[in-house]
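In what follows, a structure is listed as structure tokens, so that the remarks can point back to it.
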Protein chains: 2
Amino acid sequence: MSSAATNDHFWAVIPAGGAGTRLWPLSRAGSPKFLHDLTGTGRSLLQATWDRLTPLTGSRVLVVTGVAHRAAVGEQLPELPSEQLLAEPAPRDSMAAIGWAAAVLEARDPDAVLGSFAADHVIADEDAFRSCVAEAVGAAEQGYVVTIGIEPTYPATGFGYVEMGSPLGDGTVRAVTQFVEKPDRARAEEYLATGRFRWNAGMFVVKATVLLDLLAQWHPELAAGLRSLAADPSRLDEVWPGLEKIAIDHAVAEPAATEGRVAVVPGGFGWDDVGDFGSLGALLSDADGMPGVRVLGDASAVRVVDSTGIVVPGTGRVVALVGLDDVVVVDTPDALLVMSRERAQDVKAVVDALRSEGRTDLL
Amino acid sequence: MSSAATNDHFWAVIPAGGAGTRLWPLSRAGSPKFLHDLTGTGRSLLQATWDRLTPLTGSRVLVVTGVAHRAAVGEQLPELPSEQLLAEPAPRDSMAAIGWAAAVLEARDPDAVLGSFAADHVIADEDAFRSCVAEAVGAAEQGYVVTIGIEPTYPATGFGYVEMGSPLGDGTVRAVTQFVEKPDRARAEEYLATGRFRWNAGMFVVKATVLLDLLAQWHPELAAGLRSLAADPSRLDEVWPGLEKIAIDHAVAEPAATEGRVAVVPGGFGWDDVGDFGSLGALLSDADGMPGVRVLGDASAVRVVDSTGIVVPGTGRVVALVGLDDVVVVDTPDALLVMSRERAQDVKAVVDALRSEGRTDLL
């Protein structure tokens, strides 16, 4: 599959969480985004993440998911050994999820390097991605926290950025000057103009021991809790609720960058977090005979008169569009969404309203 | 109910036909427009037609429908005596339908006056309507073919017009100079500017004998066939297929106008033929708390974010609209229509496509 080489100590960690609210009503709390085939390939985003990583890792993969999704994840990844599927009793943000996996790996192999990659992203050029990961593994072995910095294709305001500093060695790896939060549009344009900024896609490659030791500097109780879990998994329900709820970026990546401990591998492999139906549409091709119409599902269910947009026919019914441009239609058995594509972010308002009404059956 | 008086010889004839193609997927061949409650009153258009006429006629009502809809019509109108429900073996246009009813009435009562009113129109001011009908009955008793000319509210290109001539007597009844076909926009504007033109809504009031005698002048075989049917109903399947297929306007109204035999009662009572979802929307009121959104059905199923339009929630599912103006969403168990309201006429293109594919299950 890939020419990239890594070593036998490299493990993939796949945090499989997040509701994908802006993909409602396709993505639900009970059936979140990562369990769906959103690209029409026949593989869910989680399965595609597995397919993308296992050429590097074989079965050295840990998946961390919510207890509610343990069974579904196990069914979608039958090759995943059951002891490599970690089920969180409740969500406690990304540091607990990834740190738990790190502690499990550290106990198993003191030289373990982990690469953490979300279960619900899409990558176009998988060989280029794996080359970046292999290079990141090399830097991680030297003790760095390594992030993969996605080459921005537009001045996005929905992602954080990482600023690249000086090269570290002969490859493409560079020091990280700082992580920055989601910018406004003007700031994002400034970032792009410098050429030094990359999107922070939350991809971290790091030795398990380095990650936990750094965490122990700033959040000693959290590091100790995670290590105690790895030592005695039977204490999960006792330890888990007391763990600090914090993102890995804030807990480790940002302070470590200040100390010069973070490196970045610039990546240009076509990355998308499929954040809403607008970006989902961009991942699909026009349906046969329907220019400007992208269909996720059975295109034979769709009839179009002078219309463009994105259709997700999810019930077997015929979906007919007449005279609408850039419309999003998502047809599911208990909820129908009809939306302007440019308002794709605002589906959240519908979800919020349903939540405030107590319509958890629809969320 | 109404102050209008008519005589015991006056019968209402309700032709209940027409597929309502531009109301697809709500209206279907198997469940056409007139069987639906399109105004949210709890009564179908057919039932509302019954309710509107019976204050004038009591149970002196004949309904003419296709054999496929005989049972549904009977169920919706339990007060209609079964011998007053005429079932056409196949559609043979309006002259055969109304002429059959006229022949049945003529055989029963030589002084019968019939008023023919489609089963799928909506009228706002029913008292005003009944006053017009009562006046039309008076003119019909003098031997005229009387039409009710709807006061135009805009220069419609989708209806034919009737031109009014001199007054006949003291009331509002006037002679008809001519019937004219659907005009183009410029011509329609000219018509309105004269003040002499009214929409032809296909409402005719005429003595049964006068109608059949006039028909016999220009279409003697059709008149004879209809009279033979009335004399011997058992010959229906033998006689019906041989009847000429022609509209009552062409067969009788237009030539009779040329001979000065047609009168018009101008009517201004809020008439609508509910021709498409655009006009359907105009008949509904905004849903509570959703300005600009008209819902036919259960408004509690609809969630709106910055949107206006017409929603027909027909499956119990939640229908969410985000960021769309003047959109039409019609949700039925086997077909979903999402359309720009200004393209409401073009739903016909979807129906045509489905028909050419042989998807009669959806038509």
Side-chain angles (χ1 to χ4, degrees), chain A residues 22 24-25 276-278 289 293 300-357 359 361-363, chain B residues 22 24-25 276-278 289 293 300-357 359 361-363:
Chain A
R22 283 165 304 183
W24 182 90
D276 60 34
F277 284 108
V293 178
S300 75
V302 180
R303 298 293 180 289
V304 167
V305 178
D306 296 340
S307 299
T308 60
I310 302 156
V311 182
V312 185
T315 63
R317 304 188 304 165
V318 159
V319 178
L321 306 183
V322 179
L324 289 166
D325 276 321
D326 271 332
V327 69
V328 176
V329 177
V330 184
D331 183 39
T332 77
D334 59 354
L336 166 67
L337 173 67
V338 180
M339 178 169 67
S340 163
R341 182 170 173 173
E342 67 178 11
R343 297 291 298 273
Q345 295 279 319
D346 295 322
V347 67
K348 198 174 171 303
V350 175
V351 174
D352 290 346
L354 291 170
R355 184 176 295 115
S356 72
E357 294 166 27
R359 291 298 302 270
D361 58 311
L362 293 172
L363 299 178
Chain B
R22 283 165 303 183
W24 181 92
D276 60 34
F277 284 108
V293 178
S300 76
V302 180
R303 298 293 180 287
V304 167
V305 178
D306 296 340
S307 299
T308 59
I310 302 157
V311 183
V312 185
T315 64
R317 306 188 306 165
V318 159
V319 178
L321 306 184
V322 179
L324 289 167
D325 277 320
D326 272 332
V327 69
V328 176
V329 177
V330 184
D331 183 38
T332 76
D334 59 354
L336 167 67
L337 172 68
V338 180
M339 177 170 67
S340 164
R341 182 170 173 173
E342 66 179 13
R343 298 290 298 272
Q345 295 279 319
D346 295 323
V347 67
K348 196 172 173 303
V350 175
V351 173
D352 289 346
L354 291 169
R355 184 176 294 116
S356 73
E357 293 167 27
R359 291 298 303 272
D361 57 311
L362 294 171
L363 300 179

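On a predicted model such as this, the values are computed, not experimentally measured, just so you know. Note on naming: letters A, B, ... go to the chains in the order of the sequence lines (proteins, then strands), and numbering restarts at 1 for each one.
Considering only heavy atoms from C-beta on, A:Asp306 comes within 4.5 Å of B:Arg343 through its side chain.
The candidate from B:Pro313, B:Pro25, B:Ser340 with the greatest count of non-hydrogen atom pairs under 4.5 Å with chain A is B:Ser340. Between chain B and the options A:Thr315, A:Asp346, A:Leu337, the largest number of non-hydrogen pairs under 4.5 Å is found for A:Leu337. The greatest number of non-hydrogen atom pairs below 4.5 Å with chain B, out of A:Ala335, A:Gly316, A:Ser307, A:Ala349, is found for A:Ala335.
Of the inter-residue distances, the one linking A:Arg317 atom CZ with B:Asp334 atom CG reads 8.0 Å to the nearest 0.5 angstrom. Between A:Glu357 atom CD and B:Ser300 atom OG the span is 9.5 Å, to the nearest 0.5 Å.
Contact annotation for B:Leu362: only side-chain heavy atoms (C-beta onward) come within less than 4.5 Å of a heavy atom of chain A.
Among A:Leu321, A:Val338, A:Val319, the one residue that satisfies the side chain to side chain contact (heavy atoms under 4.5 Å, CB included) test with B:Leu336 is A:Val319.
The two residues A:Val305 and B:Val350 have their closest heavy-atom pair at CG2-CG2, 3.8 Å.
Residues passing the side-chain hydrogen bond (donor to acceptor under 3.5 Å, both in side chains) test with B:Glu342: none are found, sequence neighbours excluded. For the salt bridge (charged side-chain N to carboxylate O under 4.0 Å, His left out) test, no residue two or more places apart in sequence or in another chain qualifies with A:Arg341. With sequence neighbours excluded, the residues satisfying side-chain hydrogen bond (donor to acceptor under 3.5 Å, both in side chains) with A:Asp352 are A:Lys348, A:Arg355.
At a heavy-atom separation below 4.5 angstrom, chain B is approached by A:Gly323, A:Leu324, A:Val327, A:Val329, A:Asp331, A:Thr332, A:Pro333 within residues 323-333 of chain A.
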